[in-house]
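Remember, predicted model here, so these are calculated numbers, not experimental data.
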Amino acid sequence: MGRHFNVNAVCRPGEHYMVDISDKLRQIKAMVDAGKYFTINRARQYGKTTTLQALRDYLKEDYAVIHLDFQMLSYADFETEAAFAEAFVREILDAAGELSIPEDIREELSLIADGKIPGITLSKLFKYLISWCGRAEKPLVLLIDETDHASDNRIFLSFLSQLRGYYMNRTVKPTFQSVILAGVYDIRNLKDRFIEEKYPLKNSPWNIAADFEVNMSFSKQEIAGMLQEYERDYETGMDVDGIAGLLYDYTSGYPYLVSRLCMLIDEKVSKSECFGGRRNAWTRDGFLEAERMLLMEKNPLFESLVNKLTDYPELEEMLDGLLFSGRAVAYNSLNPVICVGEMFGFLRERNGMAEPANRIFDTLLYNYFLSIKEMRSTDIYQASLEEHNQFVWDGHLNMRRVLEKFTAHFHELYGDSGERFVEEEGRKFFLLYLRPIINGTGNYYVETRTRGLRRTDVIVDYRGERFIVEMKIWRGEEYHKRGEQQLAGYLEDYNKKEGYLLSFNFNIKKQVGVREVMVGDKKIIEAVV
């Protein structure tokens with residue numbers, strides 16, 4: 001079997017298609033060379049473990065790397081200092097096969113690992129480790145993966161505290177050249193999982209970690225390099241730059257999402273009856289089919305993200321408002337809700353504002369919130385569900401008909417509702433109405449560059465056709481005319497001749513219905529509710 005795309009566990013160059021991360025490794029090594037203590041903290045399935053294993057090999061010419069994985073330790077290993085010290089040393093000896101350890105220190109460590117030194121404490125453990133650092137042939141680098149596994153444990157925090165102390169005094173006593181901790185939580189965020197009043201520490205392990213600014217996401221160029229490797233093997237004739245652009249535009253380079261979409265195109269889309277082979281699968285239509293499959297599947301990353309909404313209700317409330325009501329959220333790294341959203345991968349900062357981290361998560365969140373509404377049997381959703389067959393003619397989505405029926409149903413059901421209700425629920429209800437019409441065949445996403453500007457642009461892809469639908473709150477005739485001009489410009493960007501404008505109007509003299517207007521050479525189908 002040749003190479004394939006991988007989203008499970010560690011990626012290996014000989015087995016899997018991978019992006020070239022050598023530039024990232026060079027940047028991390030520069031931090032090690034400078035003797036930095038830092039964390040590689042990124043959201044779940046962000047390629048941390050793959051990067052760490054590659055880093056271990058990248059560093060070994062100049063350093064002796066102790067690479068540990070705290071996922072291998074059990075909860076019992078954190079019950080006492082002695083249990084932790086023994087488990088920690090066992091992991092060191094298992095990981096130190098190629099390392100040169102002074103024989104007397106190796107013997108002492110072996111006794112600790114076997115539980116033959118009664119009452120071993122962290123202080124005694126560090127004396128052996130520091131002695132090793134002072135006599136090592138190469139500077140030692142301590143690299144610990146999955147630190148989250150122990151981050152709410154008193155013993156581990158005490159370990160971090162002592163590690164901090166030795167690191168701070170490294171000019172006096174030899175210690176590790178560099179310390180690297182990897183997990184979802186930054187070392188400075190670990191205290192969020194830990195009640196310091198319950199376990200007070202003599203010093204803070206949170207305040208010495210250097211900023212880790214290496215971009216762990218994949219760039220468009222890095223994705224293209226991976227696709228070129230695939231293309232050399234299969235000669236599909238794909239537009240490598242174009243497909244790489246789509247992958248980046250939809251994922252913002254989130255490693256799992258990039259690899260999963262590629263895997264779906266290669267293993268599912270190419271084998272489907274509609275595409276019938278790799279040549280047709282590695283196209284824009286094939287990519288959109290893979291995106292549809294991805295958003296419909298249940299995978300560990302999506303489950304983890306949704307579970308975090310239950311754990312952090314304030315984050316759920318903020319995202320709901322951001323997505324559906326157009327509430328702009330100014331980015332502030334001191335805001336704990338934004339901090340949590342960013343740490344778990346939901347949010348990113350762009351132009352001073354907080355927004356969903358990528359288009360896939362954006363649509364995932366919309367689908368999640370809308371599904372909750374669906375379960376409550378929302379009237380507008382039921383109206384669409386009962387009539388959804390009339391919107392597709394000869395395999396083509398009739399978006400004008402969608403707007404006509406939505407306008408009639410919305411006015412009938414919610415015509416007497418107040419302005420605040422329409423502002424908060426109007427756009428949500430249109431997406432609820434749209435869902436059963438395109439579900440299983442088409443997909444949509446919300447253009448983030450217009451969110452929060454009193455308008456929201458929805459891009460609908462249905463069987464190779466694209467529809468641009470702008471939803472806006474009525475703010476007067478002059479504002480409306482500007483909206484038409486903006487939509488016409490947007491249509492030009494997408495090389496489209498026809499677009500759709502849905503206005504939620506609070507004017508009691510409004511004329512509910514659908515009409516056509518021309519703005520230059522662009523036809524705009526306008527619906528007013």
Next on the checklist: Looking only at the side chains, is there a donor atom on one of Q390 and E387 sitting less than 3.5 Å from an acceptor on the other?
Outcome noted: yes
Checklist entry - Do the side chains of C262 and Y17 get nearer than 4.5 Å, heavy atoms only? => result no
Next on the checklist: Apply salt bridge (charged side-chain N to carboxylate O under 4.0 Å, His left out) to residues R400 and E516 and explain how you reach the verdict.
Outcome noted: CA-CA 10 Å; R400 177 173 184 142; E516 290 184 10; 2.6 Å; yes
Checklist entry - Is there side-chain contact between D311 and V340, with heavy atoms separated by less than 4.5 Å? => result no
Checklist entry - For F504 and F410, what are the C-alpha separation, side-chain angles and deciding distance, and is it a ring-ring contact (aromatic ring centres under 6.0 Å, His included)? => result CA-CA 10 Å; F504 296 95; F410 189 89; 5.7 Å; yes
Next on the checklist: Looking at Y368, is its backbone amide N or carbonyl O close enough to the side chain of S371 to form a donor-acceptor pair, meaning the two atoms are under 3.5 Å apart?
Outcome noted: yes
Item to check | Distance, nearest 0.5 Å, that separates CG of L491 from OH of Y500 | outcome: 9.5 Å
Next on the checklist: Nearest 0.5 angstrom please: E229 CD to H16 NE2, how far?
Outcome noted: 14.5 Å
Checklist entry - What pairs of residues pass the side-chain hydrogen bond (donor to acceptor under 3.5 Å, both in side chains) test when at least one of them lies in residues 277-286, not counting sequence neighbours? => result Y230-R278, Y230-W282, D266-R278, R284-D461
Item to check | CD (Q511) with more than 12 external heavy atoms under 6.0 Å | outcome: no
Checklist entry - Hey, are S503 and E526 close enough side-chain-wise for a donor-acceptor pair under 3.5 Å? => result no
Checklist entry - Heavy-atom count around E303 CD within 6.0 Å, excluding the residue itself: above 12? => result yes
Checklist entry - Does R3 pair with E15 as a salt bridge, N-O distance under 4.0 Å? => result no
Next on the checklist: Among Y433, Y414, F430, which residue satisfies the ring pair (Phe, Tyr, Trp, His ring centres under 6.0 Å) criterion with H409?
Outcome noted: Y433
Checklist entry - L431 versus F324: any side-chain heavy-atom pair under 4.5 Å? => result yes
Checklist entry - How far apart are the closest heavy atoms of L227 and A244, and which atoms are they? => result CD1-N, 3.7 Å
Checklist entry - So, E355 side chain and E349 main chain: donor-acceptor pair closer than 3.5 Å or not? => result no
Checklist entry - Are the side chains of E465 and L397 in touch, meaning some heavy atoms are under 4.5 Å apart? => result no
Checklist entry - Does atom NE2 of H480 have more than 12 heavy-atom neighbours, drawn from other residues, nucleotides or ligands, at distances under 6.0 Å? => result yes
Checklist entry - Can you tell if the side chain of V528 reaches within under 4.5 Å of the side chain of V514, non-hydrogen atoms only? => result no
Checklist entry - Of the non-hydrogen atoms in L264 and M293, which two are nearest, and what is the gap between them? => result CD1-CB, 4.2 Å
Checklist entry - Checking side-chain contact (heavy atoms from CB on, under 4.5 Å) for the pair N398/F391: CA distance, chi angles, key distance, verdict? => result CA-CA 5 Å; N398 188 326; F391 300 115; 5.6 Å; no
Checklist outcome for this item: Heavy atoms of A527 and L403 approach each other most closely as CB-CB, 4.1 Å
Next on the checklist: Using only atom types and a distance under 3.5 Å, with no angle test, would you say the side chain of E231 pairs donor to acceptor with the backbone of G237?
Outcome noted: yes
Item to check | Heavy-atom side-chain proximity of I437 to S384 below 4.5 angstrom | outcome: yes
Checklist entry - Aromatic ring centroids of Y46 and Y254 under 6.0 Å? => result yes
Checklist entry - So M399 and E498, side-chain contact (heavy atoms from CB on, under 4.5 Å) or not? Walk me through it. => result CA-CA 11 Å; M399 185 58 74; E498 184 172 289; over 6 Å; no
Checklist entry - Do H4 and E267 pass the side-chain hydrogen bond (donor to acceptor under 3.5 Å, both in side chains) test, and can you show the C-alpha distance, the side-chain angles, and the key distance before you say yes or no? => result CA-CA 9 Å; H4 56 279; E267 299 181 6; over 6 Å; no
Checklist outcome for this item: d(E484 CD, K472 NZ) to nearest 0.5 Å is 8.0 Å
Next on the checklist: Under the rule for salt bridge (Lys or Arg N to Asp or Glu O under 4.0 Å), what residues qualify as partners of E289, not counting sequence neighbours?
Outcome noted: R292
Item to check | K48 side-chain N/O to R42 backbone N/O, donor-acceptor pair under 3.5 Å | outcome: yes
Item to check | Neighbour count >12 (heavy atoms, 6.0 Å) for atom CD, Q27 | outcome: yes
Item to check | Flag for T251-N358: side-chain donor and acceptor within less than 3.5 Å | outcome: no
Next on the checklist: Tell me if the CG atom of N495 is crowded by more than 12 foreign heavy atoms within 6.0 Å.
Outcome noted: no
Checklist entry - Does D320 offer a backbone N or O that forms a donor-acceptor pair with the side chain of K428 under 3.5 Å? => result no
Checklist entry - Just by distance, do the side chain of K24 and the backbone of S217 share a donor-acceptor pair under 3.5 Å? => result yes
Checklist entry - Is any side-chain heavy atom of E470 closer than 4.5 Å to a side-chain heavy atom of L502? => result no
Item to check | Least distance between heavy atoms, L364 atom then L295 atom | outcome: N-CD2, 3.9 Å
Checklist entry - Counting only heavy atoms not in N351, do more than 12 sit closer than 6.0 Å to its CG atom? => result no
Item to check | R482/E478 under side-chain contact (heavy atoms from CB on, under 4.5 Å): CA gap, chis, key distance, verdict | outcome: CA-CA 6 Å; R482 289 203 306 270; E478 183 179 347; 3.7 Å; yes
Checklist entry - Going by distance alone, is a donor N or O of one side chain under 3.5 Å from an acceptor N or O of the other, for D57 and Q53? => result no
Checklist entry - Is a donor on one side and an acceptor on the other found under 3.5 Å between the side chain of Q45 and the backbone of L301? => result yes
Checklist entry - If you measure from CG on L288 to OH on Y462, what distance do you get to the nearest 0.5 Å? => result 14.0 Å
Checklist entry - Which distance, rounded to the nearest 0.5 Å, do you find between the CG of N299 and the CG of N8? => result 10.0 Å
Checklist outcome for this item: What one should report as the nearest heavy-atom pair of I338 and N332 is CD1-N, 3.7 Å
Checklist entry - Donor-acceptor pair, K308 side chain versus E316 backbone, under 3.5 Å? => result no
Checklist entry - How about Y250 and F287: are their ring centroids closer than 6.0 Å? => result yes
Next on the checklist: Just verifying a value: how many Å separate L413 CG and Q382 CD, rounded to the nearest 0.5 Å?
Outcome noted: 11.0 Å
Taking distance alone, no hydrogens or angles, what donor-acceptor pairs closer than 3.5 Å link side-chain atoms of residues 438-446 to residues at least two apart or in another chain?
| unit_1 | atom_1 | unit_2 | atom_2 | d |
| --- | --- | --- | --- | --- |
| Y444 | OH | N367 | OD1 | 2.8 |
| Y445 | OH | R359 | NH1 | 3.3 |
| Y445 | OH | Y494 | OH | 3.3 |

Checklist entry - Can you find a pair of side-chain heavy atoms, one from V529 and one from N505, that are under 4.5 Å apart? => result no
Checklist entry - Would you say the side-chain atoms of E342 and Y331 include a donor-acceptor pair closer than 3.5 Å? => result yes
Checklist outcome for this item: Residues F346 and L365: closest non-hydrogen pair is CE2-CD2, 3.7 Å
Checklist outcome for this item: Partner of Q228 under side chain to side chain contact (heavy atoms under 4.5 Å, CB included), picked from I223, D241, V240, is V240
Item to check | Test log, rule side-chain contact (heavy atoms from CB on, under 4.5 Å), inputs V519 and Q485 | outcome: CA-CA 7 Å; V519 180; Q485 294 290 336; 3.6 Å; yes
